[in-house]
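Any value given below was found using the heavy atoms of this structure, including those in side chains, with hydrogens, waters and symmetry copies removed. Letters A, B, ... are given to chains in the order of the sequence lines, protein chains preceding strands, and every chain is numbered from 1.
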Number of protein chains: 2
Amino acid sequence: MPFRPFENQNCSIARAAEIFTERWTMLILRELFLGRQRFSEIKRNTGVASNILSDRLQVLVDQGIVVRVEEDADGQSVERYVPTKKGIDAQPILLAMLSWGDKYAAPDGPPRVLYHEDCGHEIHAKVVCDHCGGDLKAGNTRLRPGPGANRRQKSAGEFLPHR
Amino acid sequence: MPFRPFENQNCSIARAAEIFTERWTMLILRELFLGRQRFSEIKRNTGVASNILSDRLQVLVDQGIVVRVEEDADGQSVERYVPTKKGIDAQPILLAMLSWGDKYAAPDGPPRVLYHEDCGHEIHAKVVCDHCGGDLKAGNTRLRPGPGANRRQKSAGEFLPHR
DNA sequence: CGGACTTAGTTGCATTTTGCAACCACCTGT
DNA sequence: ACAGGTGGTTGCAAAATGCAACTAAGTCCG
């Protein structure tokens, strides 16, 4: 019986959080994006218990975030869990955590640095406006009720994301 | 006695996840960024139990992500939990979840839409290279060991974040 | 062929974390 | 004085997690 503490919130953050803030899930996705996509690799590299890993992978498969594929590598059949487009689109969440962790929780400097193939440079992920390309910062964004807002959200009107 | 399942991983994603993937923490931060910073407001809007809310706020304060301030609003003293710079720098994580949720978990359209004050447009958060401004996608980034890498990470060399 | 080893899990039980309801101290308005 | 709100704390039950043991299938080695 799955538990859905956020289910009656009409909120995209809540709905994403419901999946991605389950314990171990971000670490599992890190492994998948690093190309370590086999059950035993994930288990070894994260330290997650096998029953939990089994459960989390099942959730990700059920949500269409990863698919379980059986490949044939030199005569042996191996299982891989590979991210779908829906999963790949969650990479910004990982990158945002990576950036924050590098800045605030890496006493000896970043354990890993990210390189951008297109320009060859070491990068730090940055969140911008997809329309004008300008920085998105605490002070320069507003939230307004959208098409999917419920009555309460509509009447609440506009918010500043931060004050 | 706090529980630290990720503590022996030299990984910035793990260290960020340890804080931000605790249950309710993302919803609490959402409230704080929406300007609803009082204990009772957060409780009402998220539905979190008061003992849990108390615990999570304490963790955020201990980590220096928010500060508890006592303000004087027309004669009444009210407590507010307000994000520090360290907290505001976590906004990209929220925005990334918001984008993903709007795209994949908003059957009636986004409950809220984000507007960029600088250009006046409705926006979707996008993650880019801070050097050249190009998109960061699954296929065009690489991770290499950084200054804080441990021996095992150094010897592992370069990874593709996704294949 | 038998035995040891690896992979991909499942099962059962103990420990931790969470949810819930009740309670408390303090403040404010009537 | 008393009702109601704020900002919590406490105790107990329910759920999630961690751990070790186990299974089933396939591989490697002699």
Going by the rule ring-ring contact (aromatic ring centres under 6.0 Å, His included), which residues pair with [X] if we only count those two or more places apart in sequence or in a different chain?
X: B/Tyr115; result: none
X: A/Phe39; result: none
X: A/Phe20; result: B/Trp100

Taking every heavy atom of A/Thr46 against every heavy atom of B/Gln9, the minimum-distance pair comes out as O-NE2, 2.7 Å
Once you round it to whole Å, what is the distance between [atom2] of [N] and [atom1] of [X]?
X: A/Arg80; N: C/dA8; atom1: CZ; atom2: C1'; result: 14 Å
X: A/Lys43; N: C/dA8; atom1: NZ; atom2: P; result: 12 Å
X: B/Glu71; N: D/dT6; atom1: CD; atom2: P; result: 16 Å
X: A/Ile42; N: C/dA8; atom1: CD1; atom2: P; result: 9 Å
X: B/Arg36; N: D/dT6; atom1: CZ; atom2: C1'; result: 18 Å
X: A/Ile28; N: D/dT17; atom1: CD1; atom2: P; result: 11 Å
X: A/Glu41; N: C/dT6; atom1: CD; atom2: P; result: 15 Å
X: B/Glu22; N: C/dT18; atom1: CD; atom2: C1'; result: 11 Å

Candidates C/dT18, C/dT7, C/dT17 - which lies nearest the side chain of A/Arg23
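Between C/dT18, C/dT7, C/dT17, the one nearest the side chain of A/Arg23 would be C/dT17.
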By nearest atom, which of the nucleotides D/dT17, D/dG7, C/dA8 is closest to the B/Phe39 side chain?
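Comparing D/dT17, D/dG7, C/dA8 against the side chain of B/Phe39, the answer is D/dG7.
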Using the side chain to side chain contact (heavy atoms under 4.5 Å, CB included) criterion, which residues pair with A/Ala105? Sequence neighbours excluded.
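For A/Ala105 the side chain to side chain contact (heavy atoms under 4.5 Å, CB included) partners, ignoring immediate neighbours, are B/Arg15.
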Contacts of A/Gln58 that satisfy side chain to side chain contact (heavy atoms under 4.5 Å, CB included) - sequence neighbours left out:
A/Val61, A/Asp62
Output the rest of the hydrophobic cluster of A/Val128: all Ile, Leu, Val, Met, Phe, Trp and Tyr residues reachable through side-chain heavy-atom contacts under 4.5 Å, sorted by chain and number.
B/Val128
Suppose we screen for side-chain hydrogen bond (donor to acceptor under 3.5 Å, both in side chains). Which residues come up paired with A/Ser12, at least two apart in sequence or across chains?
B/Asp102
Looking at residues 51-60 of chain B, who's got a heavy atom less than 4.0 Å off DNA chain C?
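Heavy-atom cutoff 4.0 Å gives B/Asn51, B/Ile52, B/Arg56.
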Can you find a side chain N or O atom of [X] that sits less than 4.0 Å from OP1 or OP2 on [N]?
X: A/Trp24; N: D/dG18; value: yes
X: B/Arg68; N: D/dG8; value: yes
X: A/Arg38; N: C/dA8; value: yes

Could you write nucleotides 22-30 of chain C as a row of B, S and -, 5' to 3', where a protein heavy atom under 4.0 Å of any base atom gives B, of only sugar-phosphate atoms gives S, and otherwise -?
---------
Salt-bridge contact A/Glu41-A/Lys43 (side-chain N to carboxylate O under 4.0 Å):
no
